[in-house]
Amino acid sequence: MRWGMVIDLVKCTRCHACVAACRVEHFLPLHVTWVKLIALETETSGIAEISTYPVRCNQCQDAPCVEVCPTEASHQRDDGIVMIDHDKCIGCRYCVIACPYQNRTFLSKDKNPGYFPGYEKTRFEKKGEELYFHQVGTTQKCNFCAERIDAGQEKGLIPGVDWDATPACVNTCQARALTFGDLDDPESAVSRLIRERGGIQLQEEYETDPSVFYIDGKIGGKASNIAPESETTGYHIRHLSTVEENAKKLLSGEKAK
Amino acid sequence: MQTQTVRQWMVTHEWMVKPMQQTEWIQRRGILVWLAEVFSVLGTGLYLVALFTNNWWGALMGWLIIVLLKVPFHLAYLGKPLRFWRTMPPFSGAWRTSWMSRGVFFTVLFSGVGFIQLITTYLTTSPDILTGQALSTMVALDLVVKIIAGILVILTGVYCGLMMSYCKSVPFWNTGILPVVILIAGIADGLALIMAVGLFTGGINFHAIESASRVTLIVNALLIAAYLVKVRYQSLTAELSVKELIVGRVAAVFWVGVVGLGIVVPLIISFLSLYAGKLSITLMVIAVICHTAGAFALKFGILKVGIHKPIVPLNSIHLA
């Protein structure tokens with residue numbers, strides 16, 4: 001059994017509901033986000049376009065974060081989900097750097113100032129600390145709502161099919177762009193989508209075998225929103241690299257400011 | 001108002017689709033990692049050179065740099081420093097895959113074995129403490145301990161480089177040549193520091209150290225150049241890192257710190273001494289200070305220009 005997710009980039013409407021659902025489900029601290037929508041700004045024929053890609057921890061089967069973790073705090077379950085044992089994590093941040101997808105966050109004190117810094121914590125925050133405690137000084141990431149999956153399976157429910165056993169982001173997606181299920185089951189919805197629609201993984205060159213797959217590649221179904229076909233990784237970097245505004249100049253050989 | 005909202009939304013997520021500097025190990029508390037790694041290089045280099053030159057004071061200083069500077073800085077960086085013991089066997093089996101786990105283990109072992117080596121060497125070199133059979137036994141023991149300590153200090157010095165070179169996510173570091181660069185730079189630093197120790201304690205053949213230093217500095221310069229050329233052609237992200245280092249925001253640190261202070265000035269002083277036939281203490285002190293500043297600059301530069309490849313390269317998305 002290997003849990004996986006398929007993200008339909010055509011259906012995604014950039015509504016950020018998955019981001020919000022994850023935040024509520026896990027009582028995430030103010031400056032921590034496990035699920036993100038990343039925005040890609042491109043320009044085609046003088047028209048600026050924004051493409052968005054929902055990203056979260058890819059639960060890689062050959063996860064670099066698990067390999068580099070010096071305490072085995074990052075570990076992989078039999079069902080493929082990469083978990084963090086926060087009681088073992090020493091906060092070295094090696095996993096944060098080693099993750100090719102940058103899907104991990106170190107929870108420092110300043111990332112958890114409370115939702116209304118300077119004021120008393122809300123009832124929601126207080127309840128969150130009881131139900132889903134986040135240890136400052138350790139690393140955070142998406143866990144495919146493992147607690148929902150486990151609780152649901154104990155009741156005999158099927159993750160990806162039954163609401164109570166399915167990740168919160170999948171449940172909340174109003175466009176049904178997210179599909180969850182068992183990648184090892186060839187008849188599961190995720191396996192069929194990957195097979196029939198040509199699911200691809202991010203950064204395949206890292207050979208980490210992510211469990212999150214993407215299908216299609218245009219956003220919103222409008223021609224003006226389709227990312228340029230001729231883009232390559234290299235061009236992508238050239239076009240977008242703006243590490244502190246200087247990268248583009250550096251790559252073109254100009255002297256940086 | 002609407003423009004502001006859109007802009008804020010963009011900024012939130014834009015960073016993940018362009019080459020992005022690693023910040024965890026160089027900014028804010030990450031400065032502690034930089035310092036720890038510099039002291040790691042300086043301490044291991046000095047200790048190793050002291051072993052080869054049979055300089056007890058040098059070995060002591062190298063050991064102290066590791067135990068009193070490198071280790072505390074590394075510990076201070078951790079989010080949960082009191083849990084550091086979890087990295088070591090038998091509390092963790094992570095040493096099988098994690099260079100950080102191995103590194104902590106090497107460092108702890110070296111701290112113990114290095115301390116024993118300091119005692120055995122002291123006993124064998126101090127007159128009237130041991131005599132006869134006891135002295136012979138201690139000399140044999142000292143040799144064994146020195147060999148073990150030497151291996152451990154090399155591992156302690158090289159693990160930071162191996163740890164970084166393991167990260168595929170940072171193409172600039174992801175090369176086998178990086179640990180070698182760091183190790184050789186450490187030995188060059190050790191040769192400089194042993195001269196500083198020798199100025200106070202004596203017992204150093206300055207001409208021999210100067211000769212070794214000249215060779216190491218040249219090898220060090222060639223290795224750094226080879227490293228930059230190699231990663232330059234490795235990927236566009238690595239190329240960007242190289243450009244950031246040599247013509248970008250970190251260029252001043254690289255040219256002034258690494259090349260100027262770390263290599264050129266010590267090399268000029270070394271050749272001046274060679275042709276003058278005698279060593280000037282003032283110039284030697286300048287060389288040592290410049291060399292040490294170069295060590296700080298080299299590590300800073302390498303950590304600072306570690307850049308992550310963008311998460312979504314467009315050629316991997318199938319377009320409908």
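For the numbers below, each heavy atom of this structure counts, side chains included, while hydrogens, waters and symmetry mates do not. The sequence lines fix the lettering, A, B, ..., with proteins before strands; numbering per chain opens at 1.
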Go through the atoms of B:Trp85 and report whether side chain, backbone, both or neither lie under 4.5 Å from a heavy atom of chain A. neither
Against chain B, label A:Asn58 side chain, backbone, both or neither, depending on which of its atoms sit under 4.5 Å from a heavy atom there. neither
If you define the side chain from C-beta out and look only at heavy atoms, does anything of A:Val19 sit under 4.5 Å from A:Lys36? no
Within 45° cone of B:Phe91 ring axis and under 6.0 Å: B:Arg83 NZ or CZ: no
Under a 4.5 Å heavy-atom cutoff, which of B:His74, B:His308, B:Gln22, B:Lys168 has the most pairs with chain A? B:His308
Heavy-atom distance under 4.5 Å to chain B: side chain of A:His86, backbone, both or neither? backbone
Partner set under side-chain contact (heavy atoms from CB on, under 4.5 Å) for A:Asn143, not counting sequence neighbours: A:His26, A:Trp34, A:Met83, A:Tyr132, A:Ala146, A:Glu147
Contact origin within A:Cys69 toward chain B - heavy atom pairs under 4.5 Å: backbone
Could you tell me which residues satisfy salt bridge (Lys or Arg N to Asp or Glu O under 4.0 Å) with B:Arg102, sequence neighbours excluded, listed by chain and number? none
Geometric class of the B:Phe296/B:Phe39 ring pair [parallel <30°, tilted 30-60°, perpendicular >60°]: perpendicular
May I ask you to name which of B:Trp95, B:Trp25, B:Phe105 has the most heavy-atom pairs under 4.5 Å with chain A? B:Trp25
For the interface with chain B, which of A:Val96, A:Ile97, A:Val66, A:Val68 has the highest count of heavy-atom pairs at distances below 4.5 Å? A:Ile97
Under 4.5 Å to a heavy atom of chain A? For B:Phe84 that would be backbone
Using 4.0 Å as the upper bound for N to carboxylate O, is an ion pair formed by A:Arg176 and A:Asp8? no
